[in-house]
Amino acid sequence: MGITKTDFMRGMQCRKMLWLDKHKPQYKVIPPEIQARLDAGNDFGDRAMGMFGPYEEMTVYRKGTRIPDKKAMAEKTAEHLAKGTNVICEAAFLYYNNYCAADILRKTDQGYDFYEVKNAPEVHEQFIRDAGFQYYIMSRSRVRIGKIFIVIHGEDEDNPFVPVDVTERAKDYAPWVNDNIWDLNRMQKEREEILVEPGPQCMEPYECWYYGYCHGYAKAEEEA
């Protein structure tokens, strides 16, 4: 089954959250304001693709759907890396079925620098962990990554993309990713629901979309 970047980050916030994603996604409730924020983030990411000029985008969808074809994207990415394409967006990598799609890779003399785009005014530690997961997958895929940047939203709307160098902090997360990714892989396949008591992880660093389910609201509505 493998673990994606989103799987990993959600699983590290709460293992039950990841299990519910895989087995009971019908109980997920995304508040409208959160969906609007996600949509705005996607729009910001799309605009950021051109921040270094011409680029090649690796996105490939399964036929007749809007579901990314991970294998086809990874193969396309490998072709562009072999050609030495200067700017690669949504560069996809598979490592033992674990997956990430890097927002922007920019070619350097030593390899590629990596840019993770976030529609936020400042860098949060969660963003650096996110970049650390992607660095782990890319480095295991034998891609030489030099510097790592989080691109945040600056105050200048004419030039809103502000790269912040987080190289060392992001790379330092690689052992942490390795220590947890295989356990999350195993756990998400468990047939029995993972039991985790509600606590701070329900709201930190993000409000859980299964808050109602875990606090009994969804179950009470079903029984009513």
Side-chain angles (χ1 to χ4, degrees), residues 1-28 30 34-35 37-39 41-42 44-46 48-49 57-62 65-78 81 88-105 112 114-119 124-143 145 148 150-151 170-171 173-190 194 196 201 205-210:
M1 188 180 292
I3 291 287
T4 67
K5 176 188 74 171
T6 300
D7 292 337
F8 186 84
M9 301 308 296
R10 288 172 64 76
M12 291 307 297
Q13 178 171 338
C14 176
R15 277 160 164 72
K16 184 175 182 179
M17 186 193 302
L18 175 58
W19 189 92
L20 290 170
D21 280 342
K22 303 303 178 181
H23 298 273
K24 294 186 177 182
Q26 68 271 22
Y27 290 108
K28 181 188 300 181
I30 304 177
I34 300 299
Q35 187 60 59
R37 194 181 308 159
L38 293 172
D39 293 341
N42 289 334
F44 184 69
D46 288 344
M49 287 185 187
E57 185 179 355
M58 301 296 102
T59 303
V60 178
Y61 295 110
R62 296 178 189 174
T65 76
R66 296 291 291 177
I67 300 172
D69 187 326
K70 297 174 184 176
K71 183 178 179 181
M73 288 177 64
E75 291 173 350
K76 185 176 180 181
T77 299
L81 288 171
I88 306 173
C89 296
E90 295 299 319
F93 302 91
L94 283 165
Y95 173 67
Y96 288 99
N97 287 327
N98 300 306
Y99 174 83
C100 76
D103 287 337
I104 302 171
L105 294 184
Y112 280 86
F114 162 44
Y115 296 77
E116 171 68 9
V117 181
K118 298 293 185 183
N119 186 28
H124 299 287
E125 196 65 26
Q126 190 77 348
F127 301 167
I128 301 173
R129 296 187 187 107
D130 182 315
F133 175 88
Q134 295 180 81
Y135 168 71
Y136 173 84
I137 298 296
M138 289 187 284
S139 63
R140 295 306 190 279
S141 300
R142 301 183 183 277
V143 180
I145 299 297
I148 300 174
I150 303 295
V151 180
K171 290 184 177 181
Y173 272 115
W176 172 74
V177 173
N178 190 64
D179 287 345
N180 290 282
I181 192 170
W182 310 109
D183 180 56
L184 291 179
N185 259 298
R186 175 198 58 75
M187 183 278 301
Q188 69 175 341
K189 300 171 188 173
E190 294 285 345
I194 302 299
V196 178
Q201 76 279 1
Y206 303 114
E207 181 179 345
C208 179
W209 300 335
Y210 299 102

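In this text the structure is predicted, and so the values were computed from the model without any measurement.
- The minimum heavy-atom distance linking G41 with N119 is given by the pair CA-CB, 3.8 Å.
- For the pair I34 and E207, the minimum side-chain heavy-atom distance is 4.5 Å or more.
- Nearest heavy atoms, F133 versus C100: CE2-CB, 4.2 Å.
- In this structure Y115 satisfies the ring-ring contact (aromatic ring centres under 6.0 Å, His included) test together with F52, F149, sequence neighbours excluded.
- Considering only residues two or more places apart in sequence or on other chains, F44 meets the ring-ring contact (aromatic ring centres under 6.0 Å, His included) condition with H153, F161.
- In Y96, the OH atom is not crowded: 12 or fewer heavy atoms of neighbouring residues, nucleotides or ligands sit closer than 6.0 Å.
- Atom OG1 of T4 sits about 9.5 Å away from atom CZ of R10, to the nearest 0.5 Å.
- Between I128 atom CD1 and I148 atom CD1 the span is 10.0 Å, to the nearest 0.5 Å.
- To the nearest 0.5 angstrom, Q201 atom CD is 8.0 Å from M17 atom CE.
- Here the closest non-hydrogen pair linking V196 and C14 is CG1-SG, 4.0 Å.
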* Just do the side chain to side chain contact (heavy atoms under 4.5 Å, CB included) check on R15 and D183 with the steps written out, would you? => CA-CA 10 Å; R15 277 160 164 72; D183 180 56; 3.1 Å; yes
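- Applying the side chain to side chain donor-acceptor pair (under 3.5 Å) test to every pair with at least one member in residues 131-141, sequence neighbours left out, gives these pairs: E116-Q134, D130-Q134, Y136-N178.
- Residues that satisfy the ring-ring contact (aromatic ring centres under 6.0 Å, His included) test with Y112, not counting sequence neighbours, are absent from this structure.
- Y173 pairs by the ring-ring contact (aromatic ring centres under 6.0 Å, His included) definition with W176, not counting sequence neighbours.
- When all heavy atoms are compared, the tightest approach of G2 to Q188 is O-NE2, 2.9 Å.
- Side chain of K171 to main chain of I145: a donor-acceptor pair is present (N/O by atom type, distance under 3.5 Å, no hydrogens or angles).
- F93 has its side chain within reach of L81: a pair of non-hydrogen atoms, C-beta onward, lies under 4.5 Å apart.
- For the pair Y99/I137, no side-chain contact is recorded, criterion being any heavy-atom separation below 4.5 Å from C-beta on.
- Rounded to the nearest 0.5 Å, atoms CD (Q26) and CG (L20) are 9.0 Å apart.
- Partners of P205 according to the side chain to side chain contact (heavy atoms under 4.5 Å, CB included) rule, which considers only residues two or more places apart in sequence or in another chain, are Q13, Q126.
- The heavy-atom pair separating N185 from N98 by the smallest distance is ND2-OD1, 2.9 Å.
- One distance of note links OG1 of T59 with CD of E90; it measures 4.5 Å at 0.5 Å rounding.
- Summarising the geometry of P68 relative to M73, their closest heavy-atom pair is CB-SD, 3.9 Å, with the distance given to 0.1 Å.
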* Walk me through it: do V151 and D103 pass the test side chain to side chain contact (heavy atoms under 4.5 Å, CB included)? => CA-CA 10 Å; V151 180; D103 287 337; over 6 Å; no
* May I have the step-by-step check of side chain to side chain contact (heavy atoms under 4.5 Å, CB included) for V60 and E75, ending in yes or no? => CA-CA 10 Å; V60 178; E75 291 173 350; over 6 Å; no
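- Expressed to the nearest 0.5 Å, how far CD of E57 lies from OG1 of T77 amounts to 10.5 Å.
- A parallel orientation is assigned to the rings of H23 and W19, their planes being inclined by less than 30° (bins at 30° and 60°).
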* Residue pair I104, V117: steps toward the side chain to side chain contact (heavy atoms under 4.5 Å, CB included) verdict -> CA-CA 8 Å; I104 302 171; V117 181; 4.2 Å; yes
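- Heavy atoms of other residues, nucleotides or ligands lying less than 6.0 angstrom from NZ of K24 number more than 12.
- For the pair T6/D21, no side-chain contact is recorded, criterion being any heavy-atom separation below 4.5 Å from C-beta on.
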